[in-house]
Amino acid sequence: MRELPGWGWWAATLWMAVFAAIHLYFAGFGFPEPITMRGFHLLVFVPPLFLLYPALKSSPRDRPTLVDWAWAFAAAAPHAWVLWNAQAVSDRMEYVDPFGWEMMALGIICVITLLEATRRAVEPGLAWMVAISLLYMQFGHLLPGVLNTRVFTPAEIVESAWLVPTAGGVYGPLTGIVATTIAVFIIFGAFMQGSGTGRLFSNFGAVIAGRYSGGPAKVAVITSGLFGTMSGSSVSNVITTGAMTIPLMQRVGYRPAVAGGIEAAASVGGALMPPVMGAAAFVMAEITNIPYSQIITAAALGAVLYYFAILAAVHFEAKRAGMRPMSLSEMPTWHEVLADAHLILPIGVLVYLMNERWSGNYAAFMSTLAMVGVSLLRARTRMGWRTVLESLASAGHTMAPLAVSIAGSGIVVSALTSTGMVVAFGGIIKDLAGGSLPWLLVLLCMTVLILGMGIPTTPSYIIAAAIGVPQILELGSRTLGYSPEQLILPAHLFVFYFAVIADATPPVAAAAFAAAAIARASPTITSLHATRFGIAGFTVGFAFIYDPGIMLRGSLGEILLASATQVGALVAVTAGYAGFLLKRLAMPERLLLVAGGLVGAFGYMLGDVERGAVAMLIPAGIALWQGMRRGVVTA
């Protein structure tokens, strides 16, 4: 992003702050009609991307060029037209009412500027995916077999991409959820950062974990998880916390790639952690019509297990290498933590309102106001006008790239639906699975991870859910005996988990690459370490389908058994890989632990009790053997 000097910085800050504040106002006092809100959202957040993000590496970094201004005005035109004609757009019959030449021209401009904004501000891979989906609509009738489509006219292609707000495209429901719920949660997260809640999280993590072996790594894990509740973005999480934690980890003995891998895995998990998960979770609520409060309840235990696994892996790694805790001079005191403790109250307000079934928009609105009010209780956290302005501007800078990425993914979903490719691709996966639910899940897992190489989490989740969830519902209901209604949330959470952890898995892993840059390590090696530290993302993802106790469904005994099985399996795998349990492990012990952990995590052909016994008894037996042989060692 450009570093604008003087008046340019103030202009960009005021623009983003004012329109973020308007979004916040709408959340509290009511949104306009859907098409009006979506047009307004894209009008105010797409054009600035051409001024804030340079087109090429050789472009000026301190000012936009005349070409950038031309792109910005062109990008504004289609959205201004839609906003001006909002009632007519809402009333028109899609594919029936005339789609005139001026609408055709504006639609083409909208798509082209959206592609360029996505290329600049988000990911070139997503821009290519949008372009390929439109080319597929144009030329799909020439392809053989399941890829063959009917003939689409250019007007149908542009209309489906731009002006079919009920089904998809630029103004579809996905843009609607971003312009409303997700936008106000982003504002809430920005106010959390502005108030000093990030300092509270960082100090709390250091006080809790800093005095143990490998303390900086454990601080990184806890802090990144807490920061993730504010941003929901793995890359920004890495940049925010990694600048502090990665050098600390390297100082106590972690290799650069390992330190980067720990930070990347922990940062990625922030989008899995309630109460404020990543943007994809809000999209999930919109797609499934399941209340967001139910989604975060179902995801809570899985998120805890994810971070438990990273902490266990970090602990065993630190003990094996004999790493020291943080020094007293580096650790904050409980007094410093308690000085910011009042900032936790707005998060409590958010959780309470959502549990009371208030809308997510209103809950986040009230929590944002509560954050400003609570910050005034102490001088060190007090949010003055400049801090409020910067928080609103920060939210706007976050919303703008998300706006174009979601609009682009809406075009992809519209193309997949219009051409029938959702059914065709789902059929291909179904045929490859051969009626086997485990193989279907593996294929979907690979599909989502591949999508995650080139596009961000939320579009990846949206596209994969459109392709894969119907297959899980059909095959899962036959195999597991659950109704499709019972499986819809597990299926979406399965896809969501792999869309999130794709940011940490090779060969292209945005969060791991950001961590590698800070650690000055190999991006590929860093992403491999991030994958093994984030192993719980894989085990919990599959558990959503097979083990309802992970979503806090079923009896207390079933929930406890599911939790204990995952804990035992994760301890076994992480200890086996690190080569340390209570003492250093011999190779046969390591192999036995990894094998037992994998059986406990993925051996669903066994009964729940048998699988739990394998997961828990093998690490317990080896720990007992080590204790009898050499004497028990405390943590």
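Note that these values count all heavy atoms, side chains included, but never hydrogens, waters or copies made by symmetry. Numbers for residues simply follow the sequence, beginning at 1.
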Give me the ring orientation class for [X] and [Y]: parallel if the planes are under 30° apart, tilted from 30 to 60°, perpendicular past 60°.
X: Phe188; Y: Phe185; result: perpendicular
X: Phe602; Y: Phe542; result: perpendicular
X: Phe45; Y: His23; result: tilted

Stepwise salt bridge (charged side-chain N to carboxylate O under 4.0 Å, His left out) test for Arg92 and Glu159: CA-CA 12 Å; Arg92 72 184 300 272; Glu159 184 174 2; 2.8 Å; yes
Exercise: identify the closest heavy-atom pair between [X] and [Y]:
X: Ala179; Y: Ala183; answer: O-CB, 3.8 Å
X: Ala516; Y: Thr526; answer: CB-OG1, 3.6 Å
X: Leu42; Y: Ala407; answer: CD2-CB, 4.4 Å
X: Ala491; Y: Leu473; answer: CB-CD2, 4.3 Å
X: Ser405; Y: Val122; answer: CB-CG1, 3.9 Å
X: Leu487; Y: Gly476; answer: CD1-C, 3.4 Å

Apply side chain to side chain contact (heavy atoms under 4.5 Å, CB included) to Leu475 and Lys430, showing your working. CA-CA 9 Å; Leu475 190 54; Lys430 182 180 176 181; 6.0 Å; no
Evaluate the side-chain proximity of [Y] to [X]: yes if any heavy-atom separation is below 4.5 Å, no if none is.
X: Val500; Y: Tyr461; result: no
X: Ile182; Y: Val283; result: yes
X: Phe494; Y: Val448; result: no
X: Val44; Y: Met16; result: no
X: Leu24; Y: Phe19; result: no
X: Val18; Y: Leu392; result: no
X: Phe50; Y: Arg120; result: yes
X: Tyr53; Y: Pro48; result: no

Would you say [X]'s side chain and [Y]'s backbone share a donor-acceptor pair under 3.5 angstrom?
X: Thr181; Y: Ile177; value: no
X: Asp503; Y: Val268; value: no
X: Tyr306; Y: Ala265; value: yes
X: Ser414; Y: Ile411; value: no
X: Glu156; Y: Thr153; value: yes
X: Thr149; Y: His141; value: yes
X: Thr113; Y: Cys110; value: yes
X: Ser267; Y: Ala264; value: no
X: Asp97; Y: Met93; value: yes

Give a yes or no on whether [X] atom [atom1] has more than 12 heavy-atom contacts from other residues, nucleotides or ligands under 6.0 Å away.
X: Phe73; atom1: CZ; value: no
X: Met446; atom1: CE; value: no
X: Glu33; atom1: CD; value: no
X: Arg150; atom1: CZ; value: yes
X: Glu102; atom1: CD; value: yes
X: Leu142; atom1: CG; value: yes

Would you give the length of the straight line joining atom [atom1] of [X] to atom [atom2] of [Y], rounded to the nearest 0.5 angstrom?
X: Phe31; Y: His41; atom1: CZ; atom2: NE2; value: 10.5 Å
X: Leu489; Y: Thr288; atom1: CG; atom2: OG1; value: 6.5 Å
X: Leu402; Y: Thr398; atom1: CG; atom2: OG1; value: 9.0 Å
X: Ile290; Y: Met284; atom1: CD1; atom2: CE; value: 8.5 Å
X: Phe99; Y: Met104; atom1: CZ; atom2: CE; value: 6.5 Å
X: Leu163; Y: Tyr171; atom1: CG; atom2: OH; value: 7.5 Å

For the pair Thr65 and Trp69, evaluate side chain to side chain contact (heavy atoms under 4.5 Å, CB included) and give the outcome as yes or no after the intermediate values. CA-CA 7 Å; Thr65 65; Trp69 281 102; over 6 Å; no
Are Phe538 and Tyr497 an aromatic pair, judged by ring center distance below 6.0 Å? no
Establish, yes or no, whether a centroid distance under 6.0 Å links the rings of Trp9 and Trp15. no
Might you work through the side chain to side chain contact (heavy atoms under 4.5 Å, CB included) test for Asp62 and Arg2, ending with a clear yes or no? CA-CA 6 Å; Asp62 59 346; Arg2 285 189 169 107; over 6 Å; no
Could you give me the CA-CA distance, side-chain angles and deciding distance for Leu115 and Thr118, then say whether side chain to side chain contact (heavy atoms under 4.5 Å, CB included) is met? CA-CA 5 Å; Leu115 288 172; Thr118 303; 5.8 Å; no
Test side-chain contact (heavy atoms from CB on, under 4.5 Å) applied to Gln471 and Leu440, Leu437, Leu441, the passing residue: Leu440
